[in-house]
Amino acid sequence: MDILHALVANLQTPMFLAFLLGIIATLIKSDLKFPDGMYAGLTIYLLFAIGLKGGVKLSNTTLLEFYKPALAALTLCVTIPLIAFGLLTKFGKYDKANAAALAAHYGSVSAVTFSEALAFLDSLQISYEGFMPSLLAIMEVPAILVALLLIKMNPKDKSEDSSWGKILHELFTGKGTLLLLGGLLIGMISGKKGHEQFAPLFETPFRGMLILFLLEVGIVTGRRLADLKKAGVFLIGFGILFPICTAMFGLFLGYGIGLSMGGAMVLGTLSASASYIAAPAAVRIAIPEASPAIYLTASLAITFPFNLSVGLPLYLAVSKYLYGA
């Protein structure tokens, strides 16, 4: 009953309903369309806001509190792409290029899924550690590097046009990494006084901006639903079952290192999420032979809707069970 209650509560949130509206708008061929540049603007706002707020909370966190979660996050984002690559090549029979591309997406994280997880917990008045945005920043890049290393170890699949310098530049100067890490540093340095100055713009309006962003993501997802027919049973199954398994990995690890019930649920959600901002940009440069129809369909049309609708309440229910709540 707990998971059913959480599922109903999640499906009634304005964030999920906005996402659903975007999908419906595409299916009925509505002329609903965001102005050029608005999607990019909302992305910048959300990533920077997450970084700023996380930095302020991190400034009040001791190294003793943070080092275990940070190590756990690194463990997850290195282990997950390796497991994904093995499963995709052995059981999915994917070539190494597409397997590495998918591994990069599923090893990295989705800032939007993360934001929705926090909003979901806030709506249920469940607390979590303030340094969670720092774990988001930690987990975004390493998994992509691991996946790219896997493809670089296979000379036949290596793109002559890509170089490590170009790839690393794309990863570390990309807007996702720059805004998250930059926001974290600004929040940490400015602390509570700085928070008082940016709170009017980055606190109260945050959920409203998230609703708009999810409306646009719904429109984009709706356009990719047709690709599900070509995706195949294995990819659809992988896009649902693999995140559930990685979420359990993150949840149990969070429980083992002493995170709160909400914190463990967020770590599980990060483990289950699939990137569709940072990873596609890096993969486009490093593995141009990989098919966007495969990795974008999996992350955006399968895993993201699943996590947003069923995943979050499921991970919370398991977290409650672990903690006896």
Side-chain angles (χ1 to χ4, degrees), residues 15 42-77 108-123 125-143 171-210 213-214 250 253-254 257-273 275 277-278 307 312 315:
M15 281 72 71
L42 287 169
T43 303
I44 290 170
Y45 173 89
L46 292 175
L47 291 169
F48 197 43
I50 291 168
L52 282 170
K53 294 190 288 184
V56 171
K57 290 173 180 176
L58 192 59
S59 67
N60 298 317
T61 303
T62 65
L63 183 61
L64 192 63
E65 292 176 276
F66 183 64
Y67 85 93
K68 284 185 180 179
L71 288 175
L74 280 172
T75 300
L76 288 164
C77 64
S108 188
V109 289
S110 164
V112 183
T113 307
F114 171 81
S115 300
E116 174 61 12
L118 298 191
F120 178 53
L121 290 176
D122 289 341
S123 69
Q125 298 182 327
I126 297 173
S127 61
Y128 47 86
E129 285 76 4
F131 54 70
M132 283 297 153
S134 305
L135 302 188
L136 170 70
I138 287 170
M139 294 176 74
E140 187 167 40
V141 172
L171 283 172
F172 289 104
T173 63
K175 64 183 176 184
T177 307
L178 196 65
L179 288 167
L180 279 173
L181 293 179
L184 277 167
L185 285 173
I186 292 170
M188 281 180 65
I189 294 168
S190 60
K192 190 177 178 182
K193 286 187 178 179
H195 178 260
E196 291 171 357
Q197 295 176 46
F198 69 69
L201 179 62
F202 289 104
E203 285 286 352
T204 306
F206 181 82
R207 288 198 195 179
M209 294 293 189
L210 181 58
F213 185 82
L214 284 167
L253 194 56
I257 62 173
L259 289 178
S260 65
M261 184 182 78
M265 182 269 186
V266 175
L267 185 61
T269 302
L270 282 171
S271 304
S273 66
S275 171
I277 296 176
N307 277 331
L312 295 182
Y315 311 149

statement: Rounded to the nearest 0.5 Å, the NE2 atom of H195 sits from the NZ atom of K57 at a distance of 7.5 Å

query: Nearest heavy-atom pair of F48 and G183: which atoms, and what distance?
result: CE1-CA, 3.7 Å

query: Taking only residues two or more places apart in sequence or in another chain, which ones pass side chain to side chain contact (heavy atoms under 4.5 Å, CB included) with E65?
result: T61, T62

- prompt: Quick one: are the ring centres of Y45 and F213 less than 6.0 Å apart?
  reply: no

query: If you measure from CD1 on I138 to CG on L71, what distance do you get to the nearest 0.5 Å?
result: 8.5 Å

message: Do L210 and V112 make a side-chain contact, defined as non-hydrogen atoms from C-beta onward lying under 4.5 Å apart?
response: yes

Donor-acceptor contact below 3.5 Å, side chain T177 vs main chain T173: no

message: Please report the interatomic distance CG(L121) to OH(Y315), rounded to the nearest 0.5 Å.
response: 13.5 Å

query: Can you find a pair of side-chain heavy atoms, one from L259 and one from P69, that are under 4.5 Å apart?
result: yes

- prompt: Taking atom CG of L267 and atom CD of E129, what is their separation to the nearest 0.5 Å?
  reply: 10.0 Å

Heavy-atom closest contact (P142 atom, L74 atom, distance): CG-CD2, 4.2 Å

- request: Mark yes or no for whether N307, through its side chain, and T113, through its backbone, hold a donor-acceptor pair below 3.5 Å.
  value: no

message: When you measure from the side chain of T269 to the backbone of A117, do you find a donor-acceptor pair of N or O atoms at a distance under 3.5 Å?
response: no

- request: Would you give the length of the straight line joining atom CG of L136 to atom CZ of F131, rounded to the nearest 0.5 angstrom?
  value: 13.5 Å

query: Is there a side chain to side chain contact (heavy atoms under 4.5 Å, CB included) between S134 and F66 once you walk through the steps?
result: CA-CA 9 Å; S134 305; F66 183 64; 3.7 Å; yes

field: Pi-cation contact, F206 with K53 (under 6.0 Å, within 45°)
entry: yes

- prompt: Closest approach of I44 and L179, non-hydrogen atoms and distance?
  reply: CA-CD1, 3.6 Å

message: For a quick check under 3.5 Å, do S275 and E140 share a side-chain donor-acceptor pair by atom type?
response: no

